[in-house]
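Here is the structure we will look at.
Side chains are part of it too, since the values below use all heavy atoms of this structure and drop only hydrogens, waters and symmetry mates.
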Amino acid sequence: MQRSIPLGQLLPLFGSLWFAMTAMWSQFWLAGNILCALYLILLFVGAKVLTSPLPLRIARPPTGPSAPQILLGVALSLPTAVYLCLTWQQEYPFGGDHDHHVRMTQQWFQIFDLYILLVPLSLAIAAFLARFTRFAFSLWLVAAFALSFMFTGPMESVVRYPAAFYSLAWPFNVGLTFFPDADPLLALRFVNVLSIPCWLFALRPLVTQRWPDGRALLLACAFLFQKDWIYFGASTYLEPWALIFMLLALETAISDDISDLWRAALLAGIATAFKEQAIFLLGPLLLLAVWQSRRTLGFGRAFLSALLIGLPFTLYYAARRNSNIWRREEAIDIFSDAFQSTHFETYGRMLQEHLHIAGLIVILLVLGLSIFGVWKTRSQRALLALLFASVIASELLYLLDRISLEYVGYPRFHYLTWPLLAAGLVVLYQKRQAWRKPLLAIATAFSLLQLAQSGRLYARALQADYHRNFNEYYFAPMYFPIRSLLNNVPQPRGERELVLNLPAPYAFFPAGLQTGYSRLFSTFRNARLAQGLVCECTSPTQTVLMINLFTPEDGLGVLAIKSFFDQPTLIACVARLEHSCAKVVTEKSGDFIVGAVGYSL
């Protein structure tokens, strides 16, 4: 089944979906009246002049997946699913923005409540009206712009990051509230783990008419089985769903049909609704689509189409810059500050820990095969060259952006751009029939090499909690013996007060610790964060928990954190606990105290 929809109707539909998914309809005004007016005017102009149809291949394959295709899809989905199962009952994880994304998803529902259901209802009405007028979705966006003035302040859950993931996850997060003892991160983690099977068994068949096959294996083999990709794929971060739309866009773009480039650009545009880095794919696709469509559509119409695909993200970014939300300012360092040898040393150290020898071999082989694919396939040279340039630009961003300098080489920032290096493999698979079996053999070998390294990830999942901190922050190793300390405390009878000494105003805690979402706060119903260092049990029901940040080595990167409490302070605090509490248990790393718990019987 194929449908032909004029670009002038398709682009307002795309914009409506983008603003609905990200709730930017509520923050439209932040982008600035002139920019918003320009976008709305161009939508009406586009609906008038962009009458060329764009065939949409939205259909399931004629038959269901075969047994080998099902097995392949399950195999590609298993690594993240297994890791989720291994860490299902654990306090996960110890660092990062996991609790932030939980908080933003909950804020999403608290702000909009059930009124959020009016958004899909209004889109359904616009879809019905689109049968009678080409301006239906353009009018929806005009109404959204008018309604946005009802929201007087910038909302962090909308403008700090593109918020489509929060929209996708909030029903699951709300459902989890019926299970008060469940880890609050589970809903978002579960939604992210679903991204791979949804890509293989739902979105990919609809967009490309393909079930899991060799091309999917090639796209996944070098990256999705890496230990860091597995960890982040089972996390609460925004990247996993952005990645699958980028993979869909990448596979769609590798075609000799110009309309496929426009479809790929629309898919990459959806990816930008989940994570900003998808712009590194969207930009090249739009450039190439305009260039290749300059004769069929005309340069003016092609440029207008590209502008309307890129403007939703531009409006979001303008809103973010005009808000007072953190990360609004992203000052660029001067080159003398950016390209220092220490940054490259940190990058190399991170790369070594991320990939090790096996992973480095895989990346080099993928890059070599992709370059070979560029050389052998004349029709795709421009696309592949632009994709490789985008990967380089993405890497340079973290050397030039002042905030991001602290994260040079951080694996999560490769998550969305490194898979673009595999595009040449897919080109070879598609264009050279004789290469298919060798490429599948290479892909299988790549997968096995990566899974061998991923064994460390699964092994750590079975170890004590604080060892798992190395999964995300292995360049700043820290010991957090929270669970092992609290396991020594008898189960509270009735209300037992927990006083938690935080090691720093902002540091790496179990997710949600600062906001009360952690399991600590469901086990100890009466829990509070200490103001200053508390070293005494003042009542028979009180438990005092003290955790110290500790890094066993120095020089592990910018984010390496020193112990917050010096050892004399800790020793004195433990002595006071021993004097006032019935029992005190300490946790050490070598001779250093990294935690203590005192409690009354």
Side-chain angles (χ1 to χ4, degrees), residues 72-73 75-80 82-83 196 199-200 212-234 239-240 243-244 246-247 250-251 254 277 280-281 347-376 384 387-388 390-392 394-395 409-430 432 435-460 470-472 474-475:
L72 177 60
L76 294 177
S77 305
L78 266 181
T80 51
V82 168
Y83 187 71
I196 301 300
W199 167 51
L200 294 168
D213 58 7
R215 295 204 319 191
L217 176 61
L218 285 171
L219 284 170
C221 67
F223 303 100
L224 294 185
F225 289 162
Q226 285 183 14
K227 61 181 178 65
D228 295 286
W229 266 257
I230 294 170
Y231 173 85
F232 292 122
E239 282 84 357
L243 174 65
I244 67 166
M246 289 181 69
L247 293 177
L250 184 61
E251 192 173 3
I254 299 172
Q277 277 174 282
F280 286 105
L281 176 59
Y347 186 91
R349 194 161 50 243
M350 290 290 294
L351 206 63
Q352 180 182 2
E353 180 63 35
H354 176 193
L355 297 173
H356 297 278
I357 296 300
L360 185 60
I361 291 172
V362 167
I363 296 297
L364 291 176
L365 286 174
V366 167
L367 183 58
L369 285 169
S370 289
I371 293 172
F372 182 72
V374 175
W375 177 59
K376 293 290 287 185
L384 296 179
L387 294 179
F388 291 173
S390 291
V391 176
I392 295 172
S394 173
E395 297 298 296
Y410 185 32
R412 183 160 61 91
F413 298 146
H414 309 315
Y415 196 99
L416 296 182
T417 51
W418 278 13
L420 301 182
L421 296 176
L425 277 71
V426 180
V427 169
L428 281 176
Y429 183 87
Q430 182 171 314
R432 297 286 186 267
W435 272 80
R436 292 195 173 183
K437 288 184 178 180
L439 281 173
L440 291 179
I442 291 171
T444 303
F446 285 174
S447 302
L448 293 175
L449 279 171
Q450 296 301 318
L451 281 175
Q453 290 293 333
S454 300
R456 300 172 57 200
L457 179 73
Y458 299 118
R460 282 177 180 164
F470 286 74
N471 293 336
E472 184 170 348
Y474 42 70
F475 54 97

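Here the CD atom belonging to Gln450 is positioned 7.5 Å from the CG atom belonging to Leu355, to the nearest 0.5 angstrom. One distance of note links CG of Leu200 with CG of Leu247; it measures 9.5 Å at 0.5 Å rounding. Between the CG atom in Leu421 and the CG atom in Leu365 there is a gap of 12.5 Å [rounded to 0.5 Å]. Atom CD1 in Ile196 sits 12.0 Å away from atom CG in Leu78 (nearest 0.5 Å). Rounding to the nearest 0.5 Å gives a distance of 10.5 Å between CG of Leu224 and OG of Ser454. Distance check, rounded to the nearest 0.5 Å: CG of Leu449 to CG of Leu360 gives 11.5 Å.
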Discussion item. Would Phe280 and Leu416 count as a side chain to side chain contact (heavy atoms under 4.5 Å, CB included) here? Give the steps.
Written reply: CA-CA 9 Å; Phe280 286 105; Leu416 296 182; over 6 Å; no

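Contact check for Val391 versus Leu387: no side-chain heavy atoms found under the 4.5 Å cut-off. The shortest distance between side-chain heavy atoms of Phe388 and Ile371 falls below 4.5 Å. Side chains of Phe372 and Leu428 form a contact here, defined as non-hydrogen atoms less than 4.5 Å apart. Put simply, the side chain of Tyr458 reaches to within 4.5 Å of the side chain of Pro79, judged on heavy atoms. Between Ile442 and Leu369, the closest side-chain pair of non-hydrogen atoms falls below 4.5 Å. The shortest distance between side-chain heavy atoms of Ile363 and Gln226 falls below 4.5 Å. When side chains are defined from C-beta on, Glu395 counts as touching Thr417, because their heavy atoms get closer than 4.5 Å. Counting heavy atoms from C-beta on, the side chains of Leu219 and Trp199 come closer than 4.5 Å.
Judged by distance alone, with hydrogens and angles left aside, the side-chain atoms of Ser394 form no donor-acceptor pair with the main-chain N or O of Ser390 at under 3.5 Å.
What you find for Ala423 and Leu250 is that their closest heavy atoms are CB-CD1, 3.8 Å. Counting all heavy atoms, side chain and backbone alike, Ala234 lies closest to Thr80 at CB-O, 3.9 Å. The shortest heavy-atom contact between Leu218 and Leu439 is CD2-O, 3.8 Å. The two residues Gly214 and Tyr429 come nearest to each other via the heavy atoms CA-OH, 3.6 Å. In terms of heavy-atom proximity, Ser370 sits nearest to Gly424 at OG-N, 3.4 Å.
Remark: Arg456 pairs with Lys227, Glu353, His356, Gln453, Arg460 by the side chain to side chain contact (heavy atoms under 4.5 Å, CB included) rule, at least two apart or across chains. For Leu217, the side chain to side chain contact (heavy atoms under 4.5 Å, CB included) partners are Leu72, Leu76, Cys221, Leu440, Ala443, Thr444, Ser447, not counting sequence neighbours. Not counting sequence neighbours, Arg436 has no partner by the salt bridge (Lys or Arg N to Asp or Glu O under 4.0 Å) test. Every ring pair (Phe, Tyr, Trp, His ring centres under 6.0 Å) that Tyr415 has, sequence neighbours left out, goes to Trp229.
Pairs engaging residues 213-223 under the side-chain hydrogen bond (donor to acceptor under 3.5 Å, both in side chains) rule: Arg204-Asp213, Arg210-Asp213, Arg215-Glu251, Arg215-Gln430 [sequence neighbours left out]. Residues in residues 412-423 take part in these salt bridge (charged side-chain N to carboxylate O under 4.0 Å, His left out) pairs, two or more places apart or across chains: Glu239-Arg412.
Ring pair His414/His354 is parallel by interplanar angle, where below 30° counts as parallel and above 60° as perpendicular.
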